[in-house]
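Remember, it's 1-based here, ligands and their atoms both numbered in the order they're listed. The basis for the numbers below is simple: all heavy atoms, side chains too, and nothing from hydrogens, waters or symmetry mates. Along the sequence shown, residues are numbered consecutively beginning with 1.
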Amino acid sequence: MFCFGHRGAAGHEPENTLRSIRKALELGAHGIEVDVHFTDGHLVVIHDDTLQRTTNGRGPVAKKTFAELRTLDAGHGERIPTPAEVFDAVARRALINVELKGPRTAAPVVALIDEYVRQRGWHYEDFLLSSFDHEQVCQAKHLRPEIRTAPLINKIPPGLAEFAEQMGAWAVNVSRRCVTQALVDDAHARGLKVFVYTINESRDIAKMKSLGVDGVFSDFPERAII
Ligand code: G3P
Ligand code: CA
């Protein structure tokens with residue numbers, strides 16, 4: 001089963017750090033998922049919109065300058081990375097799933113991906129953009145139709161995967177709490193892939209296999225790579 005290292009390999013190393021990403025690659029993850037915010041004119045890789053859970057800083061990410069964010073310790077002395085640092089660390093060895101957190105992320109992320117494709121020989125297929133904010137997903141697709149997108153969902157939409165097909169998405173990224181056989185079958189009938197987050201336990205891995213999903217996100221990628 002295809003496995004995205006969730007926030008790198010968050011079960012082993014501080015989440016969303018280069019150390020975590022290197023660990024996920026070492027464990028054989030097929031994809032790397034990271035969370036991205038846009039603040040002070042810069043993209044930064046961090047999950048929460050506040051600093052205290054994952055760094056030695058406090059308060060909203062949006063209240064700090066980029067320079068201030070870069071002085072913080074995101075665990076084991078790692079600093080908050082930029083997406084470009086993540087791309088360089090992955091070096092096309094895995095599919096990179098950038099989760100767009102918060103508003104105004106789609107355009108700068110698309111611009112960065114354009115740079116890697118046009119100037120460094122990467123391919124749009126090296127990336128997947130996802131978000132709970134479906135407006136950002138649509139904006140990314142509108143800006144660069146070649147980029148694969150996936151809306152994130154944590155409840156089943158009334159028309160199952162119809163909304164994702166209408167968005168021109170490549171996949172639908174679904175919470176393990178709401179994934180059903182009907183959704184998986186409907187998505188597949190529409191040509192969409194189904195990736196489920198966050199799968200760490202063996203009983204959940206077995207359930208995902210029985211549902212026939214295309215892949216999972218795991219904090220422990222080695223458990224789901226079968
Ligand atoms: O992209 C899958 C998963 O990461 C979404 O939830 O809260 O872990 O960012 P969250
Ligand atoms: Ca995420």
Side-chain angles (χ1 to χ4, degrees), residues 1-18 20-21 23-24 29-39 43-55 61 74-75 80-83 86-87 90 94-103 105-106 109 113 126-138 140-141 147-157 161 164 167 169-179 183-184 187 192-201 204-205 207-208 211 213-221 223-225:
M1 199 158 44
F2 190 98
C3 182
F4 287 95
H6 186 234
R7 310 179 193 175
H12 296 281
E13 297 288 353
E15 66 178 54
N16 284 317
T17 61
L18 294 181
S20 184
I21 282 135
K23 183 69 179 178
H30 310 108
I32 300 290
E33 188 255 7
V34 290
D35 303 290
V36 169
H37 287 254
F38 185 62
T39 185
L43 292 163
V44 286
V45 177
I46 187 166
H47 181 275
D48 300 357
D49 51 18
T50 54
L51 294 161
Q52 46 270 27
R53 186 180 62 81
T54 59
T55 77
V61 173
I80 296 172
T82 63
V86 170
F87 297 177
V90 174
L95 174 61
I96 298 176
N97 179 193
V98 177
E99 184 188 336
L100 307 170
K101 291 281 190 198
T105 40
V109 168
I113 290 174
D126 293 325
F127 302 96
L128 171 63
L129 298 190
S130 64
S131 188
F132 288 105
D133 182 341
H134 296 180
E135 233 178 86
Q136 291 299 305
V137 177
C138 289
K141 192 75 190 165
I147 295 181
R148 291 168 167 175
T149 57
L152 275 155
I153 55 170
N154 52 19
K155 56 179 187 291
I156 299 286
M167 289 166 69
W170 178 68
V172 57
N173 293 0
V174 189
S175 165
R176 72 182 168 85
R177 294 193 179 85
C178 72
V179 66
L183 177 68
V184 173
L192 295 159
K193 297 198 180 298
V194 179
F195 298 106
V196 183
Y197 64 90
T198 302
I199 301 294
N200 292 329
E201 306 304 328
D204 290 331
I205 294 167
K207 184 178 168 200
M208 294 310 123
L211 285 173
V213 308
D214 297 281
V216 298
F217 295 83
S218 182
D219 297 321
F220 301 92
R223 295 184 187 172
I225 296 165

Taking distance alone, with no angle check, do [X] and ligand 1 share an N/O pair under 3.5 Å?
X    : result
N97  : no
E99  : yes
K101 : yes

Which atom of [X] approaches the Ca ion (ligand 2) most closely (N/O/S):
X   : result
E99 : OE1
E33 : OE2
D35 : OD1

Task: Ionic contact status for R53 with E15, cut-off 4.0 Å - done: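 So E15 pairs with R53 through a salt bridge.
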
Which protein heavy atom lies closest to [atom], and at what distance to 0.1 Å?
atom                    : result
atom 10 (P) of ligand 1 : H47 NE2, 3.3 Å
atom 3 (C) of ligand 1  : H6 NE2, 3.5 Å
atom 1 (O) of ligand 1  : E33 OE2, 3.0 Å

Open item on the list: Checking the side chain of H37 only, and the main-chain atoms of H47 only, is there a donor and an acceptor separated by less than 3.5 Å?
Closed with: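 Here the side-chain-to-backbone pair exists.
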
- [ ] Tell me whether the centres of the aromatic rings in F195 and W170 are closer together than 6.0 Å.
- [x]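 F195 vs W170: aromatic centres under 6.0 Å.
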
Task: Sub-4.5 Å side-chain heavy-atom contact between I21 and V90 - done: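 Side chain of I21 against side chain of V90, heavy atoms only: contact under 4.5 Å found.
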
TODO: Evaluate the side-chain proximity of I153 to V172: yes if any heavy-atom separation is below 4.5 Å, no if none is.
DONE: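 When only atoms from C-beta onward are counted, I153 and V172 do touch, with a gap below 4.5 Å.
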
- [ ] With N16 as reference, evaluate I80, V45, I46 under the side-chain contact (heavy atoms from CB on, under 4.5 Å) test and give the passing residue.
- [x]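 Answer to the side-chain contact (heavy atoms from CB on, under 4.5 Å) test with N16 among I80, V45, I46: V45.
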
Task: Name of the residue among N154, V196, L152 meeting side-chain contact (heavy atoms from CB on, under 4.5 Å) with N173 - done: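 Among N154, V196, L152, the one meeting side-chain contact (heavy atoms from CB on, under 4.5 Å) with N173 is L152.
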
- [ ] Tell me, please: is F132 in heavy-atom contact with ligand 1, that is, under 4.0 Å?
- [x]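 Yes, that is the case, since the closest heavy atom of the residue is under 4.0 Å from the ligand.
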
TODO: Would you check whether L152 reaches within less than 4.0 Å of ligand 1, judged by its heavy atoms?
DONE: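 In this structure, L152 qualifies as a contact of ligand 1 - some heavy atom is under 4.0 Å.
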
Task: K193 atom NZ, neighbour heavy-atom count above 12 within 6.0 Å - done: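 No - once you tally the heavy atoms of other residues, nucleotides and ligands closer than 6.0 Å, there are 12 at most.
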
Open item on the list: Could you tell me, atom by atom, which parts of ligand 1 come under 4.0 Å of a heavy atom of D35?
Closed with: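 Under 4.0 Å from D35, ligand 1 has these atoms: 9 (O).
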
- [ ] Can you sort out which atoms of ligand 1 are near R7, meaning under 4.0 Å from one of its heavy atoms?
- [x]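 That gives atoms 7 (O), 8 (O), 10 (P) of ligand 1.
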
Open item on the list: Check the orientation of Y197 and F132. Use parallel for under 30°, tilted for 30 to 60°, and perpendicular for over 60°.
Closed with: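 Correct class here is perpendicular.
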
